[in-house]
Every structure is written in structure tokens, then in C-alpha cells.
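When a residue number appears, it is its place in the shown sequence, counting from 1.
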Amino acid sequence: MTALEPMPPGPGNDLRFRIHLRVFNPNDSELALSGLYYTLSLAGHKVITGTSSNLPPIAPYGQEDIVVDATASLVGSIFAAAELIGSRRETVPYELEAKLGLRRSILPSIRVRRSGEVRLNR
């Protein structure tokens, strides 16, 4: 992430922001993305969703900055915070799921799922 910008609240007063990401292409062919959709869950609760379309192609072994609009779910955030406060954990489990739409590819999209734990500073 290279920058984070607040945006006006969305429907239901959800918090919205714009995330600037730097994407690297480790392949020897151009990465032509048609779109991106992702969700981030903390402690099993969906906290952030985001989308982007009309993404620039990323050159072979290159990098490009892209912009993703994101929405923080107030309800999901409250449930995640309540669970974290109640459990008094030193780490919080996370799961990131992303769907990358591809142009000029046999596959219409790539799905990525990453999970792990984030250490909390107490």
C-alpha cells in the first residue's frame, strides 16, 4: 500500500476509502487485469471489501500503481472488535480473498486466498 485516502460515507454510513497499491508482475509476460474484487476478514468477520476496474496492464517483471475503492463494514468491524476485546488474544486471525479478472487469458480470473495472524501490540 502506498497511500490511503478517506472518501465520503457510503450507503448505511459505511466508512469508505481509496487504497493505492503497488502491484508487481513476477512473470515474463504482460499481466492484463480487467478488474479486482477482494474481501478482508478479521477473526472470522468480513471487515473490508473493495473493487477496482479498468486497471492498467503490468509489464513483464514490472510494477504498476493501482487504485482500489474499499468499504469498511460497520457491523463486521463491531463484531470483530467485540470478539477481539472479549478474547484478549495476542494475535488476530485474518483471511484475504481476491479475485483478479484477466484479459487475454485462457482463464477468466485468478482467485487468491491468504490467511494468517496479525500480532497485536498490547
Side-chain angles (χ1 to χ4, degrees):
M1 181 170 72
T2 59
L4 180 69
E5 298 174 41
M7 295 174 63
N13 289 324
D14 284 342
L15 296 175
R16 295 176 15 158
F17 42 95
R18 184 159 283 157
I19 301 172
H20 296 257
L21 301 171
R22 182 158 295 133
V23 178
F24 296 88
N25 180 5
N27 303 301
D28 64 356
S29 60
E30 181 180 82
L31 180 60
L33 298 173
S34 61
L36 166 69
Y37 172 78
Y38 72 93
T39 61
L40 175 67
S41 298
L42 295 175
H45 302 282
K46 189 184 295 186
V47 176
I48 296 175
T49 58
T51 60
S52 188
S53 61
N54 299 321
L55 300 170
I58 303 169
Y61 302 112
Q63 62 183 345
E64 192 70 45
D65 291 336
I66 66 169
V67 176
V68 179
D69 289 344
T71 302
S73 167
L74 184 58
V75 173
S77 297
I78 289 171
F79 282 131
E83 185 168 323
L84 294 175
I85 290 169
S87 69
R88 297 183 180 200
R89 299 185 216 191
E90 290 190 21
T91 61
V92 101
Y94 76 87
E95 184 172 66
L96 175 69
E97 294 181 78
K99 178 182 175 184
L100 301 156
L102 301 174
R103 295 183 192 149
R104 294 179 255 142
S105 173
I106 296 171
L107 301 173
S109 64
I110 297 173
R111 294 185 182 268
V112 177
R113 177 178 282 174
R114 297 286 184 261
S115 60
E117 293 188 343
V118 176
R119 180 167 291 287
L120 302 174
N121 295 327
R122 294 201 180 247

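Here side-chain hydrogen bond (donor to acceptor under 3.5 Å, both in side chains) pairs that include residues 61-71, with residues two or more places apart or in two chains, are R18-D69, R22-D65. Residue pairs satisfying the salt bridge (charged side-chain N to carboxylate O under 4.0 Å, His left out) criterion with at least one member in residues 34-44, sequence neighbours excluded, are absent.
For the atom pair CD1 (I66) and CD1 (I58), the distance works out to 6.5 Å, reported to the nearest 0.5 Å. Of the inter-residue distances, the one linking L15 atom CG with M7 atom CE reads 12.0 Å to the nearest 0.5 angstrom. The line from CZ of R114 to CG of L96 is 8.5 Å long, rounded to the nearest 0.5 Å. The distance from the CG atom of L21 to the CZ atom of F24 is 10.5 Å, given to the nearest 0.5 Å.
The heavy-atom pair separating P60 from E30 by the smallest distance is CG-N, 3.7 Å. Annotation for G101 and S109: closest pair CA-CB, 4.1 Å, computed over non-hydrogen atoms.
Partner of Y38 under the side-chain contact (heavy atoms from CB on, under 4.5 Å) criterion, chosen from I48, V112, T51, T49: I48.
Hydrophobic clustering keeps Y37 apart from L40 (ILVMFWY residues linked when any side-chain heavy atoms are closer than 4.5 Å, directly or through intermediates).
In this structure, S52 contributes its side chain and V67 its backbone to a donor-acceptor pair below 3.5 Å. The closest donor-acceptor contact from the side chain of R111 to the backbone of K99 lies at 3.5 Å or more, if one exists at all. Remark: the backbone N or O of A59 is paired with a side-chain donor or acceptor of N25 at under 3.5 angstrom.
Between E95 and R113 there is a salt bridge, since at least one side-chain N of the basic residue sits less than 4.0 Å from a carboxylate O of the acidic one.
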